[in-house]
J.: 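Structure provided below as structure tokens; questions to follow.
Worth saying up front: this structure is predicted, and the values here are computed from it rather than measured. In what follows, chains are A, B, ... by sequence order, proteins preceding strands, each numbered from 1.
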Amino acid sequence: MGALVFLEHHEGQLQKGSLGVLGKAAALGSDVAAAVIGSGVRAIAGEAGRFGAAKVYVADEEMLAAPLPQPRVDALAALIREHGFDTVLFAQSVLAADVAAGLAARLETGLNWDLVDLVDVDGRLVGKRPALADSVLVDVGWRSEPRIALFRAGSFEQSATDGEAEVVDFSVDLEDFSTAARMVEQAHEVAEGPSIEDADVIVAGGRGLGGPENFALVEALARALGGAVAATRAVVDAGWYPYASQVGQTGKSVAPKLYIACGISGAIQHKVGMQGSNVIVAINKDPNAPIFEFCDLGVVGDLHQILPKLTELVQARKDR
Amino acid sequence: MKIAVCVKHVPDAAAPKRLDPRTNRLDRSVESALNAFDANAVEAALRLKEAAGEGEVVLVSMGPERAKDSLRRALAMGADRVLLLSDDAAAGSDLVATSYALAKALERENPDLVLFGQQSSDSDGAVLWAAVADRLRRPYVSQVAELTVADGCARGKRQTEYGYDVIDAPLPALVAVSDAINEPRYPSLKGIMGAKSKPQEVVSAADLGLEPERIGDAGSRTEVYALGAPPPRGESRKIEDDGNAAAQIVDFLAEKKLL
Ligand SMILES: Cc1cc2nc3c(=O)[nH]c(=O)nc-3n(C[C@H](O)[C@H](O)[C@H](O)COP(=O)(O)OP(=O)(O)OC[C@H]3O[C@@H](n4cnc5c(N)ncnc54)[C@H](O)[C@@H]3O)c2cc1C
Ligand SMILES: Nc1ncnc2c1ncn2[C@@H]1O[C@H](COP(=O)(O)O)[C@@H](O)[C@H]1O
């Protein structure tokens, strides 16, 4: 297998998820290359050797500084045309998903997404993809090369070895339309807000709360349980609660002893951030909500009715 | 300004979903509706048109003839007309095939702005725009939670793993919105009545000049081999609130030694 792994980076660090995918590729076959694309990234590229890359292709140019997808499609397409990789792997992220899909169209090749594993079955690569709210695992494949795969966040742990990689520079000709979009303001970690990663108990609120003022219901229960408050992207994007409290793919990953999800549908992108919780309780008025597929106790009902009573009962037990 | 909104007809969220054991693909014969995430894109388009005081909102979709029912709902919200690509030969299209077909349909419309929803609820790809943009050779912004269009440029604020980016894409461009960008309006009675007379043009693959080997199963570059066993999961209990749920939750937490 001639695999190429797209390595994402942020503020001088290679992103862990993509290093995990690199390790997976190395475990599957011998000749694994990585691509690091950006500005001022040459120094960190060699790191990839410790995570399974034999070669790292680096495009280090000022033009590539902003983490925008289209120039990265140009870069990867050029690399693939030159070296003929048969498999190109990505760890799910906002950037990687856009790059992978753009690349699939550019190369007229297949993309399978949301994979949790990749296995070699008699020389044929098979992707494992959970479907229907993760109630069934589907075997998926490719009819063309390169095969492009996007792995669900957190699918593989990174593991460091004492390997070393050869670092090879390459340059990119960018398409005119690829440089049309412009980063006006780039994200930096917003630190303010409580840390939820260490909490033993988390009470999380979603759009089912109905409005920002109703986070008071979630906060009251969290207080009674001595826990922290978390939120979904939908309510963070809407400005109801701070980003620092967001759980999921683009937020935090948490694994408390107890996670109570209130008015949360249970989207995959939320699930990946909280499925490690020991016990999950979900309150949702829609009996078909996907969250009921992966909770330990599912309560079909109106959170406005249930939460105040629940807080009162928990408080009463504590005061007893 | 001419705005195209890509919308999909998907199995209803409330209908139990199953995979067809013959094809290993989603059984699409069940009750279907407009992809809820696409209502946000329709709403965003209508607000842009209203703010500009002029313009046209065209719904572009690939799906079965029945999709017209879902599309009527989006027309009732206020969109102006529909271009529906409906062809048996296009059924089962994967990303490569779908993006090819939709890009051709969009080329015919040649809009200033193309809007997408956050994801289709039946495939959860959240990727189609990137493939379509590459084919149309246009810039785009994805995951947009706040959108403004001014001076021939779309500006999107969006969340990544590291916080919020602000990205400009000069028109003509594509924008994929997040589900938090707005609260889609309910169609008014007048809107519902008016929708019946709005044009819904249904075209075939041949009408759009699509190459038959690039659409549907023939044009797809991925496949489904088999359905495996469901991933292991712990025991799960489900209760319905009859006024007693709070007490039942407390009992459950006590049983798990969490109180
Ligand atoms: C690239 C990408 C990254 C993403 N990253 C994240 C992430 O990091 N974290 C994240 O959370 N999401 C993320 N998302 C978004 C995700 O797909 C969902 O859109 C989001 O999680 C939905 O949030 P929600 O559950 O609050 O809202 P909804 O999906 O709208 O669900 C609200 C739920 O509340 C229920 N409800 C309504 N009223 C009541 C009531 N009175 N009582 C009880 N229940 C009620 C409804 O039945 C519904 O199930 C991401 C999406 C993409 C595409
Ligand atoms: N068959 C289709 N016809 C029109 N638009 C679609 C279709 N499938 C997906 N879309 C659009 O692409 C977005 C993302 O879809 P996906 O990448 O499939 O999750 C959706 O929210 C729609 O706006």
J.: For A/Glu312, I'd like to know if atom CD has over 12 heavy atoms of other residues, nucleotides or ligands within 6.0 Å.
T.: no
J.: Quick check on A/Ile306 against chain B: is it the side chain, the backbone, both or neither that has a heavy atom closer than 4.5 Å?
T.: both
J.: Let me confirm one number: the CG-CZ distance from B/Asp134 to A/Arg106, rounded to the nearest 0.5 Å.
T.: 4.0 Å
J.: Can you tell which part of B/Leu95 gets under 4.5 Å to a heavy atom of chain A, answering side chain, backbone, both or neither?
T.: side chain
J.: Is A/Leu107 close to chain B through its backbone or its side chain, or both, or neither, when contacts mean heavy atoms under 4.5 Å?
T.: neither
J.: Between A/Val94 and B/Thr160, what is the shortest heavy-atom contact and its length?
T.: CG2-CA, 4.0 Å
J.: Answer yes or no: are there more than 12 heavy-atom neighbours, outside B/Glu107 itself, under 6.0 Å from its atom CD?
T.: yes
J.: How far apart are the closest heavy atoms of B/Lys238 and A/Pro287, and which atoms are they?
T.: NZ-O, 2.9 Å
J.: So which atom in A/Ser93 and which in B/Glu161 form the shortest heavy-atom distance, rounded to 0.1 Å?
T.: CA-OE2, 3.1 Å
J.: Please look at A/Asp176 and chain B and tell me whether the side chain, the backbone, both or neither of the residue comes under 4.5 angstrom of a heavy atom of that chain.
T.: side chain
J.: Within the 4.5 Å heavy-atom criterion, are B/Tyr225 and A/Val140 side-chain neighbours or not?
T.: no
J.: Please check if atom CG in A/Asp319 has more than 12 non-hydrogen atoms from other residues, nucleotides or ligands closer than 6.0 Å.
T.: yes
J.: Any chance you could measure B/Arg138, atom CZ, to A/Ser178, atom OG, to the nearest 0.5 Å?
T.: 14.5 Å
J.: Identify which of A/Gly298, A/Ala289, A/Ala267, A/Pro69 forms the greatest number of heavy-atom pairs closer than 4.5 Å to chain B.
T.: A/Gly298
J.: How long is the span from the CG atom in A/Leu258 to the NZ atom in B/Lys257, to the nearest 0.5 Å?
T.: 14.5 Å
J.: Could you grab the distance from atom CG of B/Asp124 to atom CG of A/Asp114, nearest 0.5 Å is fine?
T.: 7.0 Å
J.: May I ask you to decide if A/Cys295's main-chain N or O and B/Ser236's side chain share a donor-acceptor pair within less than 3.5 Å?
T.: yes
J.: Check whether A/Thr109 gets within reach of chain B through its side chain, its backbone, both or neither, counting any heavy atom under 4.5 Å.
T.: backbone
J.: Against chain A, label B/Leu253 side chain, backbone, both or neither, depending on which of its atoms sit under 4.5 Å from a heavy atom there.
T.: side chain
J.: At a 4.5 Å cut-off on heavy atoms, which part of A/Ile280 comes close to chain B: side chain, backbone, both, or neither?
T.: neither
J.: Salt bridge or not between B/Asp179 and A/Arg207? Use side-chain N to carboxylate O under 4.0 Å.
T.: yes
J.: Any donor and acceptor pair, going by atom type alone, linking the side chain of A/Trp113 with main-chain N or O of B/Val127 inside 3.5 Å?
T.: no
J.: Is there a side-chain contact between A/Leu297 and B/Ile249, using heavy atoms and a 4.5 Å cut-off?
T.: yes
J.: For B/Ala245 and A/Val299, which heavy atoms make the closest approach, and how far apart are they?
T.: CB-CG1, 3.7 Å
J.: For the interface with chain A, which of B/Ala97, B/Ala176, B/Pro139, B/Ala133 has the highest count of heavy-atom pairs at distances below 4.5 Å?
T.: B/Pro139
J.: Check step by step if side-chain hydrogen bond (donor to acceptor under 3.5 Å, both in side chains) holds for B/Ser178 and A/Asp237.
T.: CA-CA 8 Å; B/Ser178 97; A/Asp237 261 358; 3.1 Å; yes
J.: With chain B, which of A/Asp302, A/Val236, A/Ile268 has the greatest number of heavy-atom pairs at distances under 4.5 Å?
T.: A/Val236
J.: Among B/Ala173, B/Ser123, B/Ser99, which residue forms the greatest number of heavy-atom pairs with chain A at distances under 4.5 Å?
T.: B/Ser123
J.: Any heavy-atom pair between the side chains of B/Tyr162 and A/Glu11 that's under 4.5 Å?
T.: no
J.: So which of A/Gly141, A/Ala180, A/Gly248 has the largest heavy-atom pair count under 4.5 angstrom toward chain B?
T.: A/Gly141
J.: State whether A/Glu108 and B/Arg135 are salt-bridged, where the test is any N-O pair (Lys NZ or Arg NE/NH1/NH2 against Asp/Glu carboxylate O) under 4.0 Å.
T.: yes
J.: Could you check B/Gln159 against A/Tyr243 for side-chain contact (heavy atoms from CB on, under 4.5 Å), going step by step and ending with a plain yes or no?
T.: CA-CA 9 Å; B/Gln159 192 190 92; A/Tyr243 173 61; 3.4 Å; yes
J.: Taking B/Asp165 for its side chain and A/Ala187 for its backbone only, find out whether a donor-acceptor pair lies under 3.5 Å.
T.: yes
J.: Tell me, side chain or backbone of A/Val138 under 4.5 Å from chain B's heavy atoms, or both, or neither?
T.: both
J.: Could you tell me which portion of B/Leu227 (side chain, backbone, both or neither) has an atom closer than 4.5 angstrom to a non-hydrogen atom of chain A?
T.: both
J.: Tell me, side chain or backbone of A/Arg317 under 4.5 Å from chain B's heavy atoms, or both, or neither?
T.: side chain
J.: Closest approach of A/Lys309 and B/Gly243, non-hydrogen atoms and distance?
T.: NZ-O, 3.2 Å
J.: When you compare the side chain of A/Asn278 with that of B/Leu258, does any pair of heavy atoms fall below 4.5 Å?
T.: no
J.: For the interface with chain B, which of A/Ala97, A/Gly226, A/Ala181 has the highest count of heavy-atom pairs at distances below 4.5 Å?
T.: A/Ala181
J.: Hey, which of B/Ala126, B/Ala145, B/Gly125 has the most heavy atom pairs under 4.5 Å with chain A?
T.: B/Gly125
J.: Working to the nearest 0.5 Å, report the span between CD1 of A/Ile148 and CZ of B/Arg221.
T.: 12.5 Å
J.: Can a salt bridge be assigned to the pair A/Arg143 and B/Asp217 using a cut-off of 4.0 Å between side-chain N and carboxylate O?
T.: yes
J.: Under 4.5 Å from any heavy atom of chain B, what part of A/Leu103 do you find: side chain, backbone, both or neither?
T.: neither
J.: As a quick check of understanding, evaluate side-chain hydrogen bond (donor to acceptor under 3.5 Å, both in side chains) for A/Arg233 and B/Gln118, giving each step before the final call.
T.: CA-CA 12 Å; A/Arg233 187 182 84 167; B/Gln118 173 178 299; 2.7 Å; yes
J.: Just by distance, do the side chain of A/Glu185 and the backbone of B/Ile167 share a donor-acceptor pair under 3.5 Å?
T.: no
J.: Taking atom CG of A/Asp98 and atom OH of B/Tyr140, what is their separation to the nearest 0.5 Å?
T.: 3.5 Å
J.: With a 4.5 angstrom heavy-atom cut-off, is it the side chain or the backbone of A/Val116 that approaches chain B, or both, or neither?
T.: neither
J.: Does any backbone or side-chain atom of A/Gln269 lie under 4.5 Å from a heavy atom of chain B? Answer side chain, backbone, both or neither.
T.: side chain
J.: Look at B/Ala131, B/Ala154, B/Ala169, B/Ser142 and state which one has the largest set of heavy-atom pairs under 4.5 Å with chain A.
T.: B/Ala131
J.: Quick one: which of B/Asp241, B/Leu128, B/Val166 has the most heavy-atom pairs under 4.5 Å with chain A, could you say?
T.: B/Val166
J.: Does some side-chain heavy atom of B/Val250 sit less than 4.5 Å from a side-chain heavy atom of A/Val314?
T.: yes
J.: Answer yes or no: is there an ion pair linking A/Glu175 with B/Arg137, defined by an N-O contact shorter than 4.0 Å?
T.: yes
J.: Side chain, backbone, both or neither: which part of B/Glu146 has a heavy atom under 4.5 Å from chain A?
T.: neither
J.: In terms of heavy-atom proximity below 4.5 Å to chain A, should B/Ala247 be classed as side chain, backbone, both, or neither?
T.: both
J.: Between B/Leu136 and A/Phe177, does the side-chain contact (heavy atoms from CB on, under 4.5 Å) criterion hold? Intermediate values first, please.
T.: CA-CA 9 Å; B/Leu136 294 176; A/Phe177 67 92; over 6 Å; no
